[in-house]
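Quick note on labels: first sequence line is chain A, next is B, and so on, each numbered from 1.
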There are 2 protein chains.
Amino acid sequence: MNQSIICPRFEKAISLLSQRWTALVIYQLLSGPQRFGTIQSSIAISGRVLSERLKDLEQQGIVKRDVIPETPVRIEYSLTEKGFSLEPILKEIEKWSQSWVETERIEK
Amino acid sequence: MNQSIICPRFEKAISLLSQRWTALVIYQLLSGPQRFGTIQSSIAISGRVLSERLKDLEQQGIVKRDVIPETPVRIEYSLTEKGFSLEPILKEIEKWSQSWVETERIEK
DNA sequence: ATAATAACTTACATAAAGTAACTAAACAAA
DNA sequence: TTTGTTTAGTTACTTTATGTAAGTTATTAT
């Protein structure tokens, strides 16, 4: 048996990025701070899950949540340094998708 | 609303890589052709899901399945060119994990 | 004939995600 | 003062995905 143990850091990174929507939320925030509703309408995520993901990401130090006392109150989500450090990964995925993913007309 | 539409190719790539275990299966195959049981024991995936993933990946042209008529019959899974082209993404994730993921002693 | 092994598959249980209605806070309008 | 708006969520319930463990098929060994 090829028991080449996979590095736990790598596994942890993979499990972060394999969570549904997580990569898209981060990608979306790469273009600047955004509020809940904006993120939600830019990707097809439900409020229930977006709320969950943002809490996770905040706790992992990838996203920062700022309350802006305007009226009505605005809440802005943005990437931390750790969050921005994921950019090269997302750019690689983007690059790959340009060369290897075909667009289909009738897509589920 | 910031309706910056996300590129469908990119979304498709993300949804591929966000499927649980998919990235790890590909990562595992980067080190060479492997059989079902080897993949299964190298990561914590269940047979049920591994079987499902391999079929998906084969259908997407990322993995190739070869029947080797030894005795008992051996089935080898390997990456296609498209599969290998994902390597830079996985290497970026690996790199990121080295700088940003801390190992914890007591991990779930 | 019986047993062993690899590669799955099936049936059932649990966890994650989707849906839609609801809540709280902070005003604005009537 | 009551009614309504908007944002940012939360809650209850349904559907889908994944985990678990037992079963199947094929091929060879005993």
Side-chain angles (χ1 to χ4, degrees), chain A residues 1-3 6 11-12 14-29 32-60 63-79 107-108, chain B residues 1-3 6 11-12 14-29 32-60 63-79 107-108:
Chain A
M1 283 293 165
N2 179 353
Q3 271 299 45
I6 291 177
E11 272 196 34
K12 208 170 167 182
I14 288 283
S15 86
L16 167 71
L17 293 170
S18 298
Q19 278 228 296
R20 203 164 191 179
W21 302 115
T22 296
L24 281 179
V25 169
I26 295 167
Y27 180 79
Q28 194 59 26
L29 290 176
Q34 278 165 66
R35 36 211 305 204
F36 194 94
T38 310
I39 300 171
Q40 196 179 358
S41 60
S42 67
I43 58 187
I45 194 172
S46 69
R48 199 195 134 285
V49 175
L50 178 53
S51 165
E52 201 172 294
R53 287 296 180 275
L54 287 170
K55 273 182 204 162
D56 276 8
L57 290 171
E58 197 188 345
Q59 199 198 292
Q60 286 178 80
V63 159
K64 191 163 50 86
R65 180 183 191 270
D66 290 303
V67 178
I68 297 169
E70 282 182 1
T71 181
V73 76
R74 263 160 61 92
I75 295 183
E76 259 191 10
Y77 291 97
S78 55
L79 294 178
E107 184 63 76
K108 188 200 66 157
Chain B
M1 284 295 164
N2 179 354
Q3 271 302 42
I6 291 176
E11 272 195 35
K12 209 170 167 184
I14 288 285
S15 86
L16 166 71
L17 294 170
S18 298
Q19 279 227 295
R20 203 164 190 180
W21 303 114
T22 296
L24 281 180
V25 169
I26 295 166
Y27 180 79
Q28 194 58 25
L29 290 176
Q34 278 164 67
R35 36 209 307 205
F36 195 93
T38 310
I39 300 172
Q40 196 179 354
S41 62
S42 67
I43 58 189
I45 193 172
S46 70
R48 200 196 132 286
V49 174
L50 178 54
S51 165
E52 201 173 291
R53 289 294 181 276
L54 288 169
K55 273 183 202 158
D56 276 8
L57 289 171
E58 197 189 344
Q59 199 197 291
Q60 288 179 78
V63 160
K64 193 164 50 83
R65 180 183 190 272
D66 290 304
V67 178
I68 296 168
E70 283 183 1
T71 182
V73 75
R74 263 159 61 94
I75 296 185
E76 258 191 10
Y77 292 96
S78 55
L79 294 178
E107 184 63 79
K108 189 202 61 156

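- B:I43 has its side chain out of reach of A:E11: every pair of non-hydrogen atoms, C-beta onward, lies at least 4.5 Å apart.
- With D:dG19, C:dG18, C:dC8 as the choices, the nucleotide that has an atom nearest any side-chain atom of B:V49 turns out to be D:dG19.
- Distance, A:E76 CD to D:dG9 P: 12 Å, rounded to whole Å.
- Residue A:Q19 places its side chain closer to C:dA17 than to any other of D:dT18, C:dA17, D:dG9.
- Across the protein-nucleic acid pair, B:R53 atom CZ and C:dT9 atom C1' stand 16 Å apart, rounded to whole Å.
- In terms of modelled atom types and a separation under 3.5 Å, the side chain of A:R53 and the main chain of A:R20 share a donor-acceptor contact.
- Within the 4.5 Å cutoff, the side chain of B:S51 has heavy atoms near those of the B:F36 side chain.
- Side-chain atoms of A:F36 lie closest to D:dG9 of the nucleotides D:dG9, C:dC8, C:dT19.
- Atom-to-atom, CZ of A:R74 to P of C:dA26 comes out at 17 Å; the value is rounded to the nearest Å.
- Dashed line: the shortest gap from a side-chain N or O of A:W21 to OP1 or OP2 of C:dA16 is not under 4.0 Å.
- A:L50 has its CG atom 18 Å from the P atom of C:dA16, to the nearest Å.
- Heavy atoms of A:R20 sit under 4.0 angstrom from primed sugar atoms or phosphate atoms, though from no base atom.
- In this structure, B:I26 and B:L79 approach most closely via the heavy-atom pair O-CD1, 3.9 Å.
- Residue B:K55 places none of its side-chain N or O atoms closer than 4.0 Å to OP1 or OP2 of C:dA7.
- Closest approach of A:I6 and B:Q28 over heavy atoms only: CD1-OE1, 3.5 Å.
- Remark: A:R65 is in phosphate contact with D:dG9, judged by side-chain N or O atoms under 4.0 Å from OP1 or OP2.
- Atom CD of B:E52 is separated from atom P of C:dT10 by 12 Å (rounded to the nearest Å).
- At a threshold of 4.0 angstrom between heavy atoms, the contacts of B:R48 include nucleobase atoms, whether or not backbone atoms are also involved.
- A:I68 places its CD1 atom 16 Å from the C1' atom of C:dA26, with the value rounded to the nearest Å.
- For the pair A:Q40 CD and D:dA8 P, the interatomic distance rounds to 10 Å; values are reported in whole Å.
- Proximity of A:R35 to the phosphate of D:dA8: a side-chain N or O atom is located under 4.0 Å from OP1 or OP2.
- OP1 or OP2 of C:dC8 lies within a sub-4.0 Å distance of a side-chain N or O belonging to B:Y77.
- Distance from the side chain of B:S51 is smallest for C:dT9 among the nucleotides C:dT19, C:dA7, C:dT9.
- Between A:A44 and A:V73, the residue anchored closer to the 5' end of DNA chain C is A:A44, taking for each the nucleotide with the nearest heavy atom.
- Each of A:S46 and A:E70 was assigned the nucleotide of DNA chain C with the nearest heavy atom; the assignment lying further toward the 5' end belongs to A:S46.
- Contact check for B:L24 versus B:I45: no side-chain heavy atoms found under the 4.5 Å cut-off.
- Distance CG (B:L54) to P (C:dT9): 10 Å, rounded to an integer number of Å.
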